[in-house]
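For reference, the structure is listed below as structure tokens.
When reading the values below, keep in mind they use all heavy atoms of this one structure, side chains included, and skip hydrogens, waters and symmetry mates. Residue numbers run from 1 in the order of the sequence given. Order of appearance sets the numbers: ligands from 1, and atoms from 1 within every ligand.
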Amino acid sequence: MPLDDATHRYTLPGATGDWEIVVGLEVHAQVQSNAKLFSGASTEFGASPNTHVSLVDAAMPGMLPVINRHCVEQAVKTGLGLNARINRFSRFDRKNYFYPDLPQGYQISQFQFPIVGEGEIVCERDDGSRFTVGIERLHLEQDAGKSIHDLDPDATYVDLNRSGVALMEIVSRPHVRSPIEAAAYVRTLRTILRYLDTCGGDMEKGQMRADVNVSVCRPGQYEKFRETGDFSHLGTRCEIKNVNSLRFIMQAIEYEARRQIDIIEEGGKIEQQTRLFDANTGVTRAMRSKEEAHDYRYFPDPDLLPLELEESFVETIRVNLPELPEAKRKRFVEVLGLSEYDASVLVADKDRADYFEAVIAKGADGKLSANWVNNELFGRLNKEGLGITDSPASPEQIAGLVGLITSNVISGKIAKEVFEIVWTEGGDPEQIVESRGMKQVTDTGAIEKVVDELIAANPDQAEKVKVKPQTLGWFVGQVMKATGGKANPQAVNEILKKKLGV
Ligand code: ADP
Ligand code: MG
């Protein structure tokens, strides 16, 4: 794509000049909770249709919603994790509209007074560079049910299992400048939510989806917007509803930006619209225009009191926050001495970070452990299509292996063989090395003996080394071969140099 990620300039052949893309995202994240937002019904995924529906979720007349305290805690926790302001006062409003899978005839949401206000998160581009995205707000709301159109040619079925499930809508500022940055933002958000344990983040299970707002402008306009906060410097946006994978988010932005640029280049104007992304064709199409936009007639839900949070409630959550990816990455670099790259790779996935932490908790060297987890272990897991939580090799085993390397009991090369045994047969690395005689030979006497024999058997080669010291490698290879790779390479080199006088 002719979009330069460093300058954000979008250069299209035949265009009257460069363009830039501006994106803001509204991410709907399902709150990690066993029960729904206003009822005790289960949120279990994949249950038979309409088996997790309480009278409240089915909107039977006279039923009253009762707020789930855990969901409120989760929203506050998420807000704190997004470095955002927690609003001690917030309120639930009814957003009125008709849809067959919405039996109440309204969604309980938060409009004027959301539970979380402004925040920001640091995201990482593919090349490792970082950028900050402002968060406008986070509010709590209920999910709707699901209409199923493809089970019967003549009828639509309704499944209310999702009706009333708690969602957090996380609204970003329009600080995202390209498809790649949009994916990076959603990925970072997902990682943070997973660290916090406030959302599973599985887009395939509908635990996260995004409404993507896209506009285009000429170079310089975005900077004016950032300086003044005045949206009139930006182009008119279109909102693409319910995009449910990172790839689709990128495709939708790319398509939509091109569509808008083409319209403007041809002398047209962008009409503010809600659009849908068709994953099969990669195209966005109009759903409704601004004029047809819903008037939701928001008003405070009379069945629910405003939420007023005690300071101690917020503080308790704050002091119990887990370490978040950004802080963990810094610690890995500053305290453990890992490279920026290794640290980023480790923290990007909570399970991987947890695994690594379990390895070093056993006292294993940080840098070497990072290397083993990121390369050997992940290489192997990927090859077999396994996730880290299904790894046949445990953190204890990897720690044992790393320990054997750092204490010079085995070489890195032998360690790979031990790893193979651990992977396929299991067992304690130390015992494996002991029982199979894989220990590195550091006994100089034994190595000297091998070296003497080799020199005696290869006098020509020995003469050659004296003239051309770079051919010493041949002898090193022979010693390794003779010792089954178990000789300590450093000791071998020293002894050879001494004996051959180089
Ligand atoms: P609404 O209430 O209609 O959804 P908001 O002002 O809350 O509108 O904005 C929704 C999203 O649209 C936010 O993520 C915001 O960053 C984004 N947005 C607003 N203006 C633009 C624009 N000109 N270009 C791209 N995104 C925008
Ligand atoms: Mg919106």
Counting each atom of ligand 1 from 1 as listed, which ones have a heavy atom of [X] under 4.0 Å away?
{"X": "Pro174", "value": "16 (O), 26 (N), 27 (C)"}
{"X": "Phe231", "value": "19 (C), 20 (N)"}
{"X": "Val171", "value": "13 (C), 14 (O)"}
{"X": "Glu136", "value": "7 (O)"}
{"X": "Leu25", "value": "14 (O)"}
{"X": "Gly235", "value": "23 (N)"}
{"X": "Leu234", "value": "23 (N)"}

Inset, instruction - Assert yes or no for the condition that the ring centre distance of Phe231 to Phe225 is strictly below 6.0 Å. - result: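 That pair passes the under 6.0 Å test.
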
Inset, instruction - If the plane angle is over 60° it's perpendicular, under 30° parallel, otherwise tilted; pick one for Phe332 and Phe356. - result: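 Geometry flag for Phe356 against Phe332: perpendicular rings.
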
Inset, instruction - Would you indicate which of Val212, Val216, Asn213, Val176 comes nearest to atom 17 (C) of ligand 1 when only heavy atoms are counted? - result: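 Residue with the shortest heavy-atom distance to the ligand atom: Asn213.
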
Legend entry - Selected option - heavy-atom contact closest to atom 5 (P) of ligand 1, from Arg237, Glu26, Gln272: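 That would be Arg237.
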
Legend entry - Distance-only donor-acceptor check, side chains Thr198 and Thr78, under 3.5 Å: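 There is such a pair between these side chains.
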
Legend entry - Side-chain donor-acceptor pair present, Trp19, Gln260, cut-off under 3.5 Å: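 No, no side-chain donor-acceptor pair sits under 3.5 Å.
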
Legend entry - Glu311 atom CD, neighbour heavy-atom count above 12 within 6.0 Å: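 Not buried by this count: 12 neighbours or fewer within 6.0 Å.
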
Inset, instruction - Look only at interatomic distance and state if Glu239 has a nitrogen or oxygen under 3.5 Å from any nitrogen or oxygen of ligand 1. - result: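 By distance alone, the answer is no.
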
Legend entry - Nearest heavy atoms of Ala353 and Lys328, plus distance in Å: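 Minimum heavy-atom separation between Ala353 and Lys328: CB-CD, 3.9 Å.
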
Inset, instruction - Could you check if a side-chain atom of Lys95 sits within less than 4.5 angstrom of a side-chain atom of Tyr106, using non-hydrogen atoms only? - result: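 They are not in contact (no side-chain heavy atoms under 4.5 Å apart), so the answer is no.
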
